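Comments concern the structure below.
Worth saying up front: this structure is predicted, and the values here are computed from it rather than measured.
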Amino acid sequence: MEYTKCGNTYVVRMDKGDELVESLLGFAKKENIKFAAVSGIGATNDVDFGCFNTKIKQYKGINMKGDFEITSLVGNINTMNGESYIHLHINIADEDGNIHGGHLKRANISVTGEIVITAIDAVIDRRFDGEVGTNLLTF
């Protein structure tokens, strides 16, 4: 992974073999980013994502392997209990143009990832909300 900074925006290139979420988490810690918007595109060949089941308050996990275009990566970087926290959603397209997506847990980059991160001068933390069963932004 390599990146450059332009004002409050970072342009990140992920390389074949990089794990997307882990790499962004390390980046956020290194750059001491407390809040940022994330968007990107690229390619993956092994991805874990899911959909939150509100009845049982758990994610239904899905793993997909193969050649996929990352057609949309969106989310944010913030903190939880003072530590870097990544919240991303992903859409991937297979070779027939079928789209799959959800809450991103992990994705291996197979060709490249092109990520734009816009840092925002704020500290936005998260806390676990037992009623809904997930981590919510706090202000």
Side-chain angles (χ1 to χ4, degrees):
M1 178 178 102
E2 292 186 37
Y3 61 91
T4 189
K5 184 177 181 186
C6 311
N8 69 330
T9 300
Y10 297 83
V11 179
V12 177
R13 187 196 72 230
M14 293 202 177
D15 299 314
K16 182 178 180 177
D18 287 343
E19 197 289 304
L20 196 151
V21 176
E22 177 183 290
S23 295
L24 286 182
L25 190 58
F27 162 83
K29 290 176 183 177
K30 180 179 178 184
E31 291 297 321
N32 197 31
I33 294 175
K34 302 298 182 194
F35 191 69
V38 178
S39 65
I41 57 173
T44 183
N45 58 4
D46 184 4
V47 60
D48 291 327
F49 59 94
C51 183
F52 192 73
N53 182 315
T54 58
K55 290 181 179 71
I56 63 172
K57 300 179 183 176
Q58 291 180 354
Y59 282 94
K60 176 188 179 211
I62 300 166
N63 173 262
M64 297 187 76
K65 290 181 168 68
D67 291 325
F68 300 101
E69 292 291 328
I70 299 171
T71 58
S72 178
L73 176 75
V74 295
N76 56 60
I77 297 170
N78 57 286
T79 59
M80 184 165 175
N81 301 320
E83 297 292 323
S84 295
Y85 187 97
I86 307 288
H87 184 197
L88 299 171
H89 287 198
I90 192 168
N91 283 345
I92 58 171
D94 65 24
E95 63 183 16
D96 295 322
N98 298 306
I99 301 293
H100 309 273
H103 176 82
L104 180 63
K105 300 297 275 177
R106 180 193 62 78
N108 289 337
I109 298 298
S110 60
V111 179
T112 191
E114 300 173 359
I115 317 294
V116 177
I117 299 168
T118 304
I120 299 166
D121 187 21
V123 176
I124 308 291
D125 208 49
R126 286 185 180 269
R127 66 170 172 74
F128 180 76
D129 184 299
E131 182 179 342
V132 294
T134 193
N135 302 322
L136 302 180
L137 294 173
T138 60
F139 306 100

Output yes when a side-chain donor or acceptor of Thr112 lies under 3.5 Å from a complementary backbone atom of Met14, and no otherwise. yes
Could you tell me whether the side chain of Lys5 and the main chain of Val11 form a donor-acceptor pair under 3.5 Å? no
Enclosure of Asp121 CG (heavy-atom neighbours >12, cutoff 6.0 Å): no
Considering all heavy atoms of both residues, which atom of Thr71 and which atom of Ala93 are nearest to each other, and what is their separation? CG2-CB, 3.7 Å
Picking from Thr134, Asn53, Asp48, what satisfies side-chain contact (heavy atoms from CB on, under 4.5 Å) with Tyr59? Thr134
In terms of relative ring orientation, are His87 and His103 parallel, tilted or perpendicular, with 30° and 60° separating the classes? tilted
Carboxylate-amine/guanidinium proximity below 4.0 Å for Arg13 and Asp15: yes
Can you confirm whether Val116 sits close enough to Val12 that some side-chain heavy atom of one is under 4.5 Å from a side-chain heavy atom of the other? no
Distance-only, no hydrogens or angles: does the Asn81 side chain make a donor-acceptor pair with backbone N or O of Glu83 under 3.5 Å? no
Roughly how far, to the nearest 0.5 Å, is the OG atom of Ser23 from the CD1 atom of Ile109? 8.0 Å
Partner of Met80 by side-chain contact (heavy atoms from CB on, under 4.5 Å), out of Ile124, Asn135, Thr138: Asn135
Heavy atoms, side chains only, cut-off 4.5 Å: are Leu104 and Val47 in contact? yes
Could you tell me whether Arg106 and Asp46 make a salt bridge, using a distance below 4.0 angstrom between a side-chain N and a carboxylate O? yes
Find out whether Asp18 and Leu20 are in side-chain contact, i.e. whether some heavy atom of one side chain is under 4.5 Å from a heavy atom of the other. no
Looking at OG of Ser39 and CG of Leu73, how far apart are the two atoms once the value is rounded to the nearest 0.5 Å? 7.5 Å
Return the minimal non-hydrogen interatomic distance between Ile117 and Ala36, and the atom names on each side. CG2-CB, 3.7 Å
Rounded at 0.5 Å granularity, tell me how far CZ in Phe68 sits from CG in Asn91. 12.5 Å
Looking at Val21, is its backbone amide N or carbonyl O close enough to the side chain of Glu19 to form a donor-acceptor pair, meaning the two atoms are under 3.5 Å apart? yes
Determine whether a donor-acceptor pair (N or O, by modelled atom type, separation under 3.5 Å) exists between the side chain of Thr44 and the backbone of Asn108. yes
To the nearest 0.5 angstrom, please state how far the OH atom of Tyr85 sits from the CG atom of Asp125. 10.5 Å
What pair of heavy atoms forms the shortest contact from Gly40 to Ile70, and how long is it? O-CG2, 4.5 Å
Closest approach of Gly42 and Glu69, non-hydrogen atoms and distance? O-OE1, 3.3 Å
Taking C-beta and beyond as the side chain, do Asn8 and Thr118 meet within less than 4.5 Å on heavy atoms? yes
Closest non-hydrogen atoms of Leu24 and Leu88, given as atom of the first, atom of the second and distance, are CD1-CD1, 3.9 Å
Within the distance-only criterion (no hydrogens, no angle test), does the side chain of Asp94 pair as donor or acceptor with the backbone N or O of Asp96 below 3.5 angstrom? yes
Within a 6.0 Å radius of atom NZ on Lys57, are there more than 12 heavy atoms belonging to other residues, nucleotides or ligands? yes
Taking all non-hydrogen atoms of both residues, which atom of Lys29 and which atom of Ser84 are closest, and how far apart? CG-OG, 3.4 Å
